[in-house]
Number of protein chains: 2
Amino acid sequence: MLVNANAAARQPIDGHLADLAGEHVFCSEFKYRKGIEIFGEGEDAEYVYQITSGAVRTYRMLPDGRRQINAFHLQGDMFGFENGVAHRFSADALVETQVRIIKRSSILDAMQNRVVSNKNLICFVTQNLQHAEDHMLLLGRKSSLERVATFLLEMDERLAHPSMMLLPMNRRDIADYLGLTLETVSRALSILRDEALLRFDGNTQRRLELLDRHALAEFDV
Amino acid sequence: MLVNANAAARQPIDGHLADLAGEHVFCSEFKYRKGIEIFGEGEDAEYVYQITSGAVRTYRMLPDGRRQINAFHLQGDMFGFENGVAHRFSADALVETQVRIIKRSSILDAMQNRVVSNKNLICFVTQNLQHAEDHMLLLGRKSSLERVATFLLEMDERLAHPSMMLLPMNRRDIADYLGLTLETVSRALSILRDEALLRFDGNTQRRLELLDRHALAEFDV
DNA sequence: GCATTCATTTGATCTAGATCAACATGCGAG
DNA sequence: CTCGCATGTTGATCTAGATCAAATGAATGC
C-alpha cells in the first residue's frame, strides 16, 4: 500500500534494476516502517520493487490464518514482478525499509521497444524459480534441524558471511518460512547453540554468530 | 539420457514451443519407455523438452534417498528449461512418453537474434514459478487431506475434468509430490472414498472418478 | 525509570503423520 | 493360465513436531 509510504526524489535506477530497464526508465524511492504492508495478495501489480536498504517478507495466507513465507528479500533484491495484473502474494517490511519503485507498465513498454535486456529479466524470474525449487525440497522432505541449518547458512550467504549476523525477522517469521512452529525453531536453535555450532549475542537473540559452518553444512543435506 | 531414446523425424515444432521459438527452429521427437530417465540432476542442460504424449515427473533427491517431486508434466507441457548449463533436477517418464526436443543453444541464438518472443519465454518460466509458489504453501502449511484434495483437483483440471481419470503416477509418486508417505496418501484417498467424494474404478486404483468436486474444493483451502 | 507489551525460551503433553508389518490385488512374463 | 513381483490397502505402534502453558528477557511508551 503506497499510502503508507513517503515519496522521495525521482531518479534513474541503478544496479540490477538498471540492468533490467536500461537508463531509459525512471523510478521513485519509498520508505516503509517496520511491519507495514508494501502490497497485498490480489492487489493490482502496478510496480516492481528493489530494496535499497532493509528487508521484506513475501508470503501467502490461507483463510484460517496459516501463513507460508516464500522468501525473505534483502538489499539489492527485486520482488513484486508478476505475470498477470494482480499480485499473487503479499509483501511487507520486516524492518524500516527503503525501496525503489518502477511502474510495471514502463518495463512492459521498454520490453516492447526492445530497451529491456530479456536475458536479465528471465534471469530474475529464474532465480526466484530456483529458490522455490530448493525450498520445496526443504518443505517437503527435510527435518526441523535440517531446515534451520539450511536457513542459517542461507542467511549467512546472503549477508556475506558476517562474523555477527543480525536477523531482520523474528522466530515466527522463520517458522512460517520453514513450515514449522516458532517453538520448534527456538528449540532447534537452542540445540545448535548447545552443540556449539552457533552462539547468541548476549543482548539480543536475533544477533548470532555461526561458530562452525562446516558442521552446519552437514545438517544442510 | 538420450541413450534410452529413439530418434524420430526432424520437423518444425508447433504449439507452445513454436510460440517460443517461431518457425525458425527445428527439433527432434524422442520416445521414452515407462520409468526411464530423461535427464539427471547435474547433467548438461542441452535440450528443452515438450511432451507430445505421456507424463513426466521432475524431482530432486537428497543423498539418503529422500525425494521431492517438483511437478508432474503432461501433454503440451514444457520442462527442462534452465538458467545455467546444468539441470538442477532430474526428469523421468511416468508412462511411455513422447517428447519434442529442441537444442537450448538454438533458443539462445534465437533470443540473440530477436526471433524468440520474450514474453512467451518469460510466461513459461513464470508459470513454473507460480506453480512452485502454490506448492510451497501446500508443503509448508496444508494437512494431508488438504494436500490430497488439492492434488486431485489439480489433476482433474489438467486432464480437462474427465468423468474417469487415469492417474499416470503411483502412490509413492503422489506422496513424494505432496511431502507425505504413500501410506498417508492411500489413507486420505480411502477417507475421501468413504465420504463419497470419489470412487475407484473396480479394476484399478489408478482410475478414479471425482463425485463431488465442490466438497473436494472445501478441503482445497 | 517504570510499566506494559511483545519476543523468546523451555517444559509438559498431545497428535498427525511416519514407520513397521501383514495382507490383498493386479499385472506382466512365461 | 498362473507364478511372481509390483502396487496398494489397512492395522498397530511410534515419534517428530505441534499444541498448550508458563516463565523470563527485551523493547517501547509514558
Side-chain angles (χ1 to χ4, degrees), chain A residues 33-35 57 62 64-68 94-96 138-149 151-152 166-195 198-208 219 221, chain B residues 33-35 57 62 64-68 94-96 138-149 151-152 166-195 198-208 219 221:
Chain A
R33 289 194 314 284
K34 178 178 170 174
R57 62 176 172 231
L62 291 173
D64 64 0
R66 282 174 283 174
R67 182 178 66 160
Q68 179 61 42
L94 285 165
V95 294
E96 171 124 342
L138 177 145
L139 293 170
R141 289 296 176 221
K142 289 189 185 178
S143 74
S144 61
L145 219 50
E146 289 167 348
R147 292 180 202 211
V148 171
F151 167 76
L152 289 171
L166 179 61
L167 298 175
M169 70 291 284
N170 64 26
R171 299 292 188 259
R172 168 166 292 284
D173 290 326
I174 300 173
D176 285 350
Y177 178 57
L178 298 178
L180 300 169
T181 60
L182 65 92
E183 292 94 333
T184 299
V185 170
S186 179
R187 277 184 245 271
L189 287 170
S190 296
I191 288 168
L192 296 173
R193 187 226 316 119
D194 294 348
E195 305 224 333
L198 60 84
R199 70 182 189 82
F200 293 110
D201 183 40
N203 289 331
T204 165
Q205 305 293 78
R206 295 229 199 149
R207 195 188 305 272
L208 55 87
F219 282 107
V221 281
Chain B
R33 288 193 316 282
K34 178 178 170 174
R57 62 178 173 231
L62 291 173
D64 63 0
R66 283 174 283 174
R67 182 178 67 160
Q68 179 61 43
L94 286 165
V95 294
E96 170 124 343
L138 177 144
L139 292 170
R141 289 297 177 220
K142 290 188 184 179
S143 73
S144 61
L145 220 50
E146 289 167 347
R147 292 179 201 211
V148 171
F151 165 76
L152 289 171
L166 179 62
L167 298 175
M169 70 291 284
N170 64 25
R171 299 293 189 258
R172 170 167 290 282
D173 290 326
I174 299 173
D176 285 351
Y177 178 58
L178 298 178
L180 300 170
T181 60
L182 65 91
E183 293 94 334
T184 300
V185 170
S186 179
R187 277 184 244 272
L189 287 170
S190 296
I191 289 169
L192 295 173
R193 188 228 313 123
D194 294 348
E195 305 224 332
L198 60 84
R199 71 180 187 84
F200 293 109
D201 183 38
N203 289 330
T204 165
Q205 304 294 76
R206 295 230 199 148
R207 194 189 305 274
L208 56 86
F219 281 107
V221 281

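Computation of the quantities below employed the complete heavy-atom set of this structure, encompassing side-chain atoms and omitting hydrogens, waters and symmetry-equivalent molecules. Residue numbering restarts at 1 for every chain, and letters A, B, ... go by the order of the sequence lines. Model, not experiment: these values are computed from the prediction.
In this model, the phosphate group of D:dT7 is not approached by any side-chain N or O of B:Gln205 to a distance below 4.0 Å at OP1 or OP2. Phosphate proximity of C:dA16 to B:Thr184: absent, as no side-chain N or O sits under 4.0 Å from OP1 or OP2. Within the 4.0 Å cut-off from OP1 or OP2 of C:dA16, not a single side-chain nitrogen or oxygen of B:Ser144 is found.
Out of C:dG17, D:dG17, C:dT10, the shortest distance to the side chain of B:Leu180 is found at C:dG17.
Atoms CZ (A:Arg206) and P (D:dA27) sit 9 Å apart, rounded to a whole Å.
In this structure, A:Ser186 reaches the bases: a heavy-atom distance under 4.0 Å links it to at least one base atom across the strands shown. Counting non-hydrogen atoms under 4.0 angstrom, B:Thr181 reaches a base of the nucleic acid. No contact: A:Leu189 has no heavy atom under 4.0 Å from any strand. No contact: A:Gly35 has no heavy atom under 4.0 Å from any strand. Residue A:Arg193 is classed as a sugar-phosphate contact, given heavy-atom separations below 4.0 Å to backbone atoms only.
Residues A:Arg67 and A:Asp173 are paired through a salt bridge, judged by an N-O separation under 4.0 Å between the basic side chain and the carboxylate.
For B:Arg206, there are no side chain to side chain donor-acceptor pair (under 3.5 Å) partners two or more places apart in sequence or in a different chain. Under the rule for a salt bridge (Lys or Arg N to Asp or Glu O under 4.0 Å), the partners of B:Asp64 that lie at least two apart in sequence or sit in another chain are B:Arg66.
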Every protein N/O within reach of nucleotides 28-30 of chain C N/O, cut-off under 3.5 Å:
none

Could I get a table of every N or O pair under 3.5 Å where one atom is in the protein and the other is in nucleotides 20-25 of chain C?
residue : atom : partner  : partner atom : Å
C:dC20  : N4   : B:Glu183 : OE2          : 3.2

Protein-nucleic acid N or O pairs under 3.5 Å, nucleotides 28-30 of chain D:
none

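The line from CZ of B:Arg33 to CD of B:Glu96 is 8.0 Å long, rounded to the nearest 0.5 Å.
The end-to-end axis angle of the helix from C:dG1-D:dC30 to C:dA24-D:dT7, rounded to 10 degrees and based on five pairs per end, is 50°.
Both A:Thr204 and B:Phe200 lie near DNA chain D, and the one whose nearest nucleotide falls closer to the 5' end is B:Phe200.
The backbone N or O of B:Leu182 sits nowhere less than 3.5 Å from a side-chain atom of B:Arg172 that would complete a donor-acceptor pair.
Annotated as anti: D:dA26, whose glycosidic dihedral deviates from 0 by more than 90°.
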